[in-house]
Participant: 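First the structure, which I've put down as structure tokens, then a few questions once you've had a look.
Everything numeric in this text was worked out from a predicted model, so none of it was measured.
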There are 2 protein chains.
Amino acid sequence: MAASETRQSIVAAADDLFYENGFDHTSFAQVAEVVGISRGNFYYHFKTKDEILDAVIEKRLEDRRTMMSQWSSSQETPRQRVALFIRILLTNEAKIKAYGCPIGTLFTELSKLDHPGEDSARRLFDLFRIWLKRQFELMGHTRDADDLGMHILARSQGVATLANAYPNEPFLKNEVQQMLAWLEALEASGNT
Amino acid sequence: MAASETRQSIVAAADDLFYENGFDHTSFAQVAEVVGISRGNFYYHFKTKDEILDAVIEKRLEDRRTMMSQWSSSQETPRQRVALFIRILLTNEAKIKAYGCPIGTLFTELSKLDHPGEDSARRLFDLFRIWLKRQFELMGHTRDADDLGMHILARSQGVATLANAYPNEPFLKNEVQQMLAWLEALEASGNT
DNA sequence: CAGATTTTAGGTCACTTGTCCTATTTCGGG
DNA sequence: CCCGAAATAGGACAAGTGACCTAAAATCTG
């Protein structure tokens, strides 16, 4: 198989395993087994574990970038786009209840490990933060656009964490509704 | 030294290390070194790593219980007590910015590790959840007391996560103010 | 088809981990 | 003071880890 394809398979498998079991707790052997290659071959594609982490973060950045592009083309108003962001919680409900937020949990882990990849992981937050800020600016909230973005980002994080702790409750759906209501009320009070 | 004192020292050191570096990433050797005892002695007090985890969670539960008792005796109204809960974020601002929420990050990690201690860790959430529910009931929000408790719990979690990601910003203080304002507005709309 | 390059497999290495054992030291009660 | 129990120290062990190496296989190129 071409090297790039194998590489993609590895990154995809590592992405899942890092999400489901954590970065530190995922071993070379596990990833190799999922991909169906030997540990030796693994080293041909990635020399260190940190290299895989970088590749996984890069993939996650790219995936989110394309997702946001689709949002931009499918939805007319910035409010509708922010609503799409909020609704990720519903779109990925099952996985979030099982493993939490892929961005938040990764950052939290790397932060605790004092891992150099912490900065790259923060860029995942930045991606949404800046995008959200832009949407709120377009909604007329130029002054506090960043605060609003951070606010909704934080709410999403908290909902993901507690939905992970209490998966068998309507909590997630309730909170999404509240966030959408908050967004609508915000629209009405726009033009700052 | 008496066994119980050494045991306490071990649990206290493990509590800190689990918080700062994570449970999985903290080794017997590290804890022993902090406490100043040998690895062999360690095994005399705790036979497995899971036993230490249980003891740490038990200690955290106990610490929070006493904290909430003090809140109950120092503050008259339930609203003031909930305000104290919200203000933990400010009280522990430095540690939260450095390591996140000790309860949330522990649960998240154990969840990812598929560790049996996940259930015990959830009881830490339960402790606050039930206490908050009671306060909202006392405020007259009998019908949606649990939802309100979960809401403020989730907000706190989200704020802690993002404060950890962006420690050099006024974000945490801003959000605490917003949560307190939310609480005050809620009081006005009470008597459900 | 033949040779060179890419890709893969499997084994080795040093290190760390949790667990466990045994010998020694410390300490409290008779 | 002395002895038995409590507490400690230090090492041993198997298992798993990331990292690394070399030889074989697969693939591509001329």
Side-chain angles (χ1 to χ4, degrees), chain A residues 1-58 106 109-110 112-118 120-121, chain B residues 1-58 106 109-110 112-118 120-121:
Chain A
M1 202 191 300
S4 64
E5 295 173 35
T6 307
R7 204 189 134 95
Q8 272 189 328
S9 304
I10 292 175
V11 175
D15 190 3
D16 289 344
L17 287 170
F18 289 177
Y19 180 35
E20 295 168 11
N21 305 328
F23 165 71
D24 197 54
H25 200 249
T26 301
S27 67
F28 274 52
Q30 277 178 286
V31 182
E33 194 185 351
V34 169
V35 179
I37 61 173
S38 65
R39 276 151 280 136
N41 186 12
F42 202 104
Y43 193 70
Y44 175 75
H45 296 278
F46 293 96
K47 272 172 273 298
T48 69
K49 199 179 179 183
D50 292 358
E51 268 186 38
I52 311 172
L53 178 61
D54 287 342
V56 166
I57 291 177
E58 200 52 54
L106 177 65
E109 181 182 2
L110 296 182
K112 262 192 210 305
L113 298 182
D114 258 320
H115 194 283
E118 181 184 328
S120 313
Chain B
M1 200 191 301
S4 64
E5 296 174 34
T6 306
R7 205 189 133 94
Q8 272 188 329
S9 303
I10 293 175
V11 175
D15 190 3
D16 289 344
L17 287 170
F18 288 178
Y19 180 33
E20 295 168 12
N21 305 327
F23 165 71
D24 197 53
H25 199 250
T26 300
S27 68
F28 274 52
Q30 278 178 285
V31 182
E33 194 185 352
V34 169
V35 179
I37 61 174
S38 65
R39 276 150 279 140
N41 185 12
F42 202 105
Y43 191 72
Y44 176 77
H45 296 279
F46 292 96
K47 271 171 273 296
T48 70
K49 199 180 180 183
D50 291 359
E51 268 187 37
I52 312 172
L53 177 62
D54 287 342
V56 166
I57 292 177
E58 201 51 56
L106 178 64
E109 180 182 2
L110 295 182
K112 261 191 211 308
L113 299 182
D114 257 321
H115 193 282
E118 182 183 327
S120 313

Participant: Apply side-chain contact (heavy atoms from CB on, under 4.5 Å) to residues B:I37 and B:I10 and explain how you reach the verdict.
Facilitator: CA-CA 9 Å; B:I37 61 174; B:I10 293 175; 3.8 Å; yes
Participant: For DNA chain D, which residues of residues 10-29 of chain A approach it to below 4.0 angstrom with any heavy atom?
Facilitator: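 Nucleic-acid contacts, sorted: A:T26, A:S27, A:F28.
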Participant: Taking only residues two or more places apart in sequence, or in another chain, which ones meet A:E58 in a salt bridge (Lys or Arg N to Asp or Glu O under 4.0 Å)?
Facilitator: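 Partners of A:E58 by the salt bridge (Lys or Arg N to Asp or Glu O under 4.0 Å) criterion, ordered by chain and then number, come out as A:R65.
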Participant: Does A:E33 have any salt bridge (Lys or Arg N to Asp or Glu O under 4.0 Å) partners at least two apart in sequence or in another chain, and if so, which?
Facilitator: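 With neighbours one apart ignored, the set is empty.
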Participant: Just to verify, what does A:D54 make a side chain to side chain contact (heavy atoms under 4.5 Å, CB included) with, not counting sequence neighbours?
Facilitator: A:S120
Participant: For B:E51, give me all partners under side chain to side chain contact (heavy atoms under 4.5 Å, CB included), at least two apart in sequence or on another chain.
Facilitator: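 In terms of side chain to side chain contact (heavy atoms under 4.5 Å, CB included), with neighbours along the sequence ignored, B:E51 is linked to B:F46, B:K47, B:T48.
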Participant: Can you sort out the partners of B:D24 under side chain to side chain donor-acceptor pair (under 3.5 Å), two or more places apart, ordered by chain and number?
Facilitator: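 Residues passing side chain to side chain donor-acceptor pair (under 3.5 Å) with B:D24: none at all.
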Participant: Quick one: side chain to side chain contact (heavy atoms under 4.5 Å, CB included) partners of A:S9, sequence neighbours excluded?
Facilitator: A:V35
Participant: How would you give the extent of chain A contacts on DNA chain C, as first and last nucleotide 5' to 3' within a 4.0 Å heavy-atom cut-off?
Facilitator: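 Contact boundaries, 5' end first: C:dT6 to C:dG10.
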Participant: I'd like to compare against my own output: the B/S/- annotation of nucleotides 3-11 of chain D with a strict under-4.0 Å heavy-atom distance to protein.
Facilitator: ---SBBBB-
Participant: Heavy-atom contacts under 4.0 Å between residues 49-57 of chain B and DNA chain C, which residues?
Facilitator: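 Result for residues 49-57 of chain B: B:K49, sorted by number.
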Participant: Please identify each residue that fulfils side chain to side chain contact (heavy atoms under 4.5 Å, CB included) with B:A29, with sequence neighbours left out.
Facilitator: B:S27, B:R39
Participant: In chain order, what residues pass the ring-ring contact (aromatic ring centres under 6.0 Å, His included) check against B:F23, with sequence neighbours excluded?
Facilitator: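 B:F23 satisfies ring-ring contact (aromatic ring centres under 6.0 Å, His included) with B:F18, B:H115 once adjacent residues are dropped.
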Participant: Check A:H45 against A:R7 and note the closest heavy-atom contact, atom names and distance.
Facilitator: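 In this case the closest contact between A:H45 and A:R7 is O-NH1, 4.0 Å.
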Participant: Quick one, B:V31 and B:I52 - any side-chain contact, counting heavy atoms below 4.5 Å?
Facilitator: no
Participant: In the structure I gave you, are the side-chain heavy atoms of B:L53 and B:L110 within less than 4.5 Å of one another anywhere?
Facilitator: yes
